[in-house]
Amino acid sequence: MDLSNLKPAEGATQAGQRLGRGEGSGRGGHSSTRGTKGQSSRSGAGTRPIWFEGGQTPLFQRVPKHGFNNAPFRTDYAIANVKRLQRLLDEEVLDEDEPVTPELLADLGVVRTANRVKILGDGDLFDALEVKAHAFSESARQKIKQAGGSVTVVDQ
């Protein structure tokens, strides 16, 4: 016995209702259970595109399309906050002597990718760290320097 021999038990399946096969079929006659008139009573009615709105002007045509969108040219950064660096120091995952680089942050799971990392200034930093990243917020710069650390901008 294998999968090619399997079939449902006797009487477990039934044939589907055959619609539109005349008055005597019990399901059919002149409208074949589709109701009378209208678009959905016609053949091919199920093939309308998903965005079709019944003849009303579609949404994508009603929305204005002028103006400039900067999305293709935007620079996306993976962000890490100063409080996250402090937490890693407290948990002894980070060592004060080694520099914090984008690659190290990615390895630790702080950011998803090391391509572009920006350090933001949420939270407090109490230990001196040498931090290297692609960008820093002004508050992050101040907090790292106040703690006695150094800030280095890495070129992409």
Side-chain angles (χ1 to χ4, degrees), residues 1-9 12-17 19 32-35 37-156:
M1 177 173 209
D2 60 7
L3 290 177
S4 65
N5 297 333
L6 292 178
K7 59 182 185 179
T13 60
Q14 295 180 356
Q17 271 291 347
L19 302 178
S32 302
T33 71
R34 292 173 178 242
K37 299 187 183 178
Q39 185 174 23
S40 57
S41 72
R42 317 288 189 209
S43 65
T47 59
R48 292 185 304 270
I50 192 92
W51 59 85
F52 186 66
E53 298 185 27
Q56 171 177 300
T57 305
L59 179 66
F60 73 89
Q61 289 183 333
R62 297 192 307 255
V63 174
K65 294 170 189 67
H66 56 82
F68 177 70
N69 184 356
N70 198 36
F73 311 106
R74 178 179 61 209
T75 302
D76 285 329
Y77 288 98
I79 61 169
N81 276 298
V82 170
K83 68 178 175 185
R84 186 71 189 270
L85 299 179
Q86 183 61 48
R87 189 181 325 146
L88 290 172
L89 283 168
D90 294 342
E91 294 170 357
E92 298 180 0
V93 176
L94 273 182
D95 186 23
E96 285 184 46
D97 300 332
E98 69 175 298
V100 177
T101 62
E103 292 78 19
L104 178 64
L105 292 175
D107 290 342
L108 294 174
V110 176
V111 294
R112 287 187 182 202
T113 175
N115 289 346
R116 285 195 171 99
V117 175
K118 183 171 184 174
I119 307 296
L120 301 181
D122 186 26
D124 291 316
L125 185 66
F126 304 109
D127 300 313
L129 278 178
E130 180 186 346
V131 184
K132 298 179 180 182
H134 301 97
F136 293 88
S137 69
E138 195 54 42
S139 61
R141 265 182 213 277
Q142 290 174 357
K143 289 179 181 182
I144 293 169
K145 288 184 179 179
Q146 281 177 356
S150 66
V151 171
T152 307
V153 176
V154 178
D155 289 334
Q156 184 66 358

Trainee: So, do Val82 and Val131 sit near enough that their side-chain heavy atoms are less than 4.5 Å apart?
Mentor: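 The answer is no, as the side chains (C-beta and beyond) never meet within the 4.5 Å cut-off.
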Trainee: Can you give the donor-acceptor pairs under 3.5 Å from side chains of residues 59-66 to other protein atoms, not counting sequence neighbours?
Mentor:
{"residue": "Arg62", "atom": "NH1", "partner": "Glu53", "partner atom": "OE1", "Å": "3.1"}
{"residue": "Arg62", "atom": "NH1", "partner": "Thr57", "partner atom": "O", "Å": "2.4"}
{"residue": "Lys65", "atom": "NZ", "partner": "Phe60", "partner atom": "O", "Å": "2.4"}
{"residue": "Lys65", "atom": "NZ", "partner": "Val63", "partner atom": "O", "Å": "3.0"}

Trainee: Provide the closest heavy-atom pair for Gly121 versus Ser139 in the form atom of the first, atom of the second, distance.
Mentor: CA-OG, 3.4 Å
Trainee: Might you point out which heavy atoms bring Gly38 and Arg42 nearest each other, and give the distance in Å?
Mentor: O-CG, 3.4 Å
Trainee: Can you give each donor-acceptor pair under 3.5 Å made by side-chain atoms of residues 71-81, sequence neighbours left out, with the distance rounded to 0.1 Å?
Mentor:
{"residue": "Arg74", "atom": "NE", "partner": "Asp76", "partner atom": "OD1", "Å": "3.0"}
{"residue": "Asn81", "atom": "OD1", "partner": "Asp122", "partner atom": "N", "Å": "3.2"}

Trainee: Please identify which of these residues, Val117, Leu120, Ile119, meets the side-chain contact (heavy atoms from CB on, under 4.5 Å) condition with Phe136.
Mentor: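 It is Ile119, the one option of Val117, Leu120, Ile119 that forms the side-chain contact (heavy atoms from CB on, under 4.5 Å) with Phe136.
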Trainee: Kindly write out the residues that satisfy side chain to side chain donor-acceptor pair (under 3.5 Å) with Asp107, not counting sequence neighbours, or none if the list is empty.
Mentor: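 In terms of side chain to side chain donor-acceptor pair (under 3.5 Å), with neighbours along the sequence ignored, Asp107 is linked to no residue.
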Trainee: Check salt bridge (charged side-chain N to carboxylate O under 4.0 Å, His left out) between Lys118 and all other residues, then give those that pass, not counting sequence neighbours.
Mentor: none
Trainee: Determine yes or no for a side-chain-to-main-chain donor-acceptor pair under 3.5 angstrom, with Gln39 supplying the side chain and Ala45 the backbone.
Mentor: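 No; zero donor-acceptor contacts below 3.5 Å.
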Trainee: Working to the nearest 0.5 Å, report the span between CD of Gln17 and OG of Ser32.
Mentor: 11.5 Å
Trainee: Could you list the donor-acceptor pairs under 3.5 angstrom formed between side-chain atoms of residues 93-106 and any protein atom two or more places apart in sequence or on another chain?
Mentor:
{"residue": "Thr101", "atom": "OG1", "partner": "Leu104", "partner atom": "N", "Å": "3.2"}

Trainee: What is the distance from atom NZ of Lys83 to atom CG of Leu125, rounded to the nearest 0.5 Å?
Mentor: 13.5 Å
Trainee: Quick check for you: to the nearest 0.5 Å, what is the distance between Leu89 atom CG and Asp127 atom CG?
Mentor: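 Spacing of CG (Leu89) from CG (Asp127) equals 5.0 Å.
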Trainee: Just grab all the salt bridge (Lys or Arg N to Asp or Glu O under 4.0 Å) pairs involving residues 133-149, residues at least two apart or on different chains.
Mentor: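 Qualifying pairs: none.
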